A.B. asks: 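Below you will find the structure I want to go over with you.
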Amino acid sequence: EFILMILQYICFIWNRTARRTLGWRTPCEALTGQTPDISMLLHFHFWQRVYIGDYRESGTGFPSQSNEILCYFVGFSETVGHSMTFKVYNPTTRVVLHRSRLRAATPDDSNHPSNPPPDPDDDPNAGSDSSSPDNNASSNDGNHPTASTPRNNPDGSSSPNGTAPSRTPAGPSAPEPSVQH
């Protein structure tokens, strides 16, 4: 079902890729004499999850409810819209749509379907004493001081505010700056 869309996507990119046999020109440039704009190739990849505005409803009644639809990026529109119009597949309606306004649906997006709302019953640290130094030591790698984790200076004395001295941008291999009291 998606073989044609895959082939169109590959051909679109292939025709905008320079070839040695054409004197490092693209097939589109060899045909028309104009260097093609490839900026649209940098935004999405095939079958990437994207959100588009819901075209079936006029809006939602409450601002916290999303009026976006999860779709899949399947290519570039060559004959519809401007140069930044893309083709997306809506799995609900099984229709390919042409849209210029879409945004990537990343796994860390709170609206992403694979991210259900957090459930406090699933928190493994719920009910434990989080101020205990043992709990903080296991979650802290030592390079990122926290307010509840006391840190010592290189000479063994504690800092006045309980935090570690600042590190230089050179990284962990750089010597620690000494702190004068």
Side-chain angles (χ1 to χ4, degrees), residues 1-126 139-141 143-146 166-172:
E1 179 179 347
F2 301 107
I3 297 296
L4 178 60
M5 287 186 265
I6 293 169
L7 291 174
Q8 289 173 336
Y9 178 79
I10 291 169
C11 289
F12 187 89
I13 294 173
W14 191 255
N15 285 330
R16 286 154 181 80
T17 305
R19 304 276 185 280
R20 180 184 300 154
T21 57
L22 296 175
W24 294 112
R25 294 177 10 180
T26 67
C28 287
E29 185 178 2
L31 178 68
T32 65
Q34 297 180 353
T35 304
D37 180 16
I38 60 167
S39 59
M40 80 284 287
L41 301 177
L42 306 175
H43 293 277
F44 305 103
H45 58 82
F46 191 82
W47 211 250
Q48 180 177 352
R49 292 173 154 198
V50 294
Y51 286 114
I52 64 169
D54 189 351
Y55 57 94
R56 296 172 295 183
E57 296 180 17
S58 60
T60 61
F62 194 69
S64 66
Q65 296 173 340
S66 175
N67 66 342
E68 296 179 312
I69 300 171
L70 182 66
C71 294
Y72 294 93
F73 176 82
V74 293
F76 310 94
S77 294
E78 297 184 71
T79 58
V80 177
H82 51 74
S83 63
M84 295 296 280
T85 303
F86 306 103
K87 292 193 283 188
V88 295
Y89 174 75
N90 184 341
T92 306
T93 60
R94 302 182 69 157
V95 174
V96 174
L97 304 166
H98 299 266
R99 294 289 181 266
S100 59
R101 295 184 63 203
L102 36 126
R103 79 178 169 91
T106 58
D108 60 339
D109 186 356
S110 62
N111 290 330
H112 196 274
S114 67
N115 293 331
D119 186 3
D121 296 334
D122 292 339
D123 187 8
N125 293 327
S139 64
N140 190 356
D141 63 2
N143 294 325
H144 302 90
T146 61
S166 62
R167 293 189 182 266
T168 59

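Just the heavy atoms: all of them, side chains too, but no hydrogens, waters or symmetry mates, feed the values below. Note that the coordinates shown come from a computational prediction; the quantities given were computed from them, not determined experimentally.
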A.B. asks: Would you check if Tyr51 and Leu102 make a side-chain contact, meaning some heavy-atom pair closer than 4.5 Å?
C.D. replies: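 Heavy-atom side-chain distance check fails, nothing below 4.5 Å.
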A.B. asks: Name all residues meeting the side chain to side chain contact (heavy atoms under 4.5 Å, CB included) criterion together with Ile38; count only those two or more places apart in sequence or in a different chain, and write none if there are none.
C.D. replies: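 For Ile38 the side chain to side chain contact (heavy atoms under 4.5 Å, CB included) partners, ignoring immediate neighbours, are Arg16, Leu41.
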A.B. asks: Within the 4.5 Å heavy-atom criterion, are Phe12 and Met40 side-chain neighbours or not?
C.D. replies: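 Yes, close enough: below the 4.5 Å cut-off.
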A.B. asks: Does any part of the side chain of Val96, heavy atoms only, come nearer than 4.5 Å to the side chain of Val88, both counted from C-beta?
C.D. replies: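 No - every pair of side-chain heavy atoms lies 4.5 Å or more apart.
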A.B. asks: Just jot down the side-chain hydrogen bond (donor to acceptor under 3.5 Å, both in side chains) partners of Arg94, sequence neighbours excluded, or say none.
C.D. replies: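 Once residues adjacent in sequence are excluded, the partners of Arg94 under the side-chain hydrogen bond (donor to acceptor under 3.5 Å, both in side chains) criterion are Glu1.
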A.B. asks: Any side chain to side chain donor-acceptor pair (under 3.5 Å) involving residues 24-46? Give me the pairs, sequence neighbours left out, ordered by first then second residue.
C.D. replies: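 Sorted result for residues 24-46: Glu29-Thr35, Asp37-Ser39.
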A.B. asks: Hey, does Ile52 have a side-chain heavy atom less than 4.5 Å from the side chain of Glu68?
C.D. replies: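 No; the side chains remain at least 4.5 Å from each other.
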A.B. asks: Kindly write out the residues that satisfy ring-ring contact (aromatic ring centres under 6.0 Å, His included) with Phe2, not counting sequence neighbours, or none if the list is empty.
C.D. replies: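 Result, ring-ring contact (aromatic ring centres under 6.0 Å, His included) vs Phe2: Trp47, Tyr89.
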A.B. asks: Between side-chain atoms of residues 80-87 and protein atoms elsewhere (two or more places apart, or another chain), which donor-acceptor pairs fall under 3.5 Å?
C.D. replies:
residue : atom : partner : partner atom : Å
His82   : ND1  : Met84   : N            : 3.1
Thr85   : OG1  : His82   : N            : 3.1
Thr85   : OG1  : His82   : O            : 3.1
Lys87   : NZ   : Gln8    : OE1          : 3.1

A.B. asks: Under 30°, 30 to 60°, or over 60°: which ring-plane class applies to Phe76 and Tyr9, parallel, tilted or perpendicular?
C.D. replies: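 Correct class here is parallel.
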A.B. asks: Output the distance between atom CD1 (Ile6) and atom CD1 (Ile3), rounded to the nearest 0.5 Å.
C.D. replies: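 Nearest 0.5 Å value for the CD1-CD1 distance: 4.5 Å.
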A.B. asks: Considering non-hydrogen atoms only, spot the tightest contact between Pro91 and Cys71 and give its length.
C.D. replies: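 Nearest heavy atoms, Pro91 then Cys71: CD-CA, 4.2 Å.
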A.B. asks: Just how far is it from atom CG of Asn90 to atom CG of Leu97, taken to the nearest 0.5 Å?
C.D. replies: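 The CG atom of Asn90 sits 6.0 Å away from the CG atom of Leu97.
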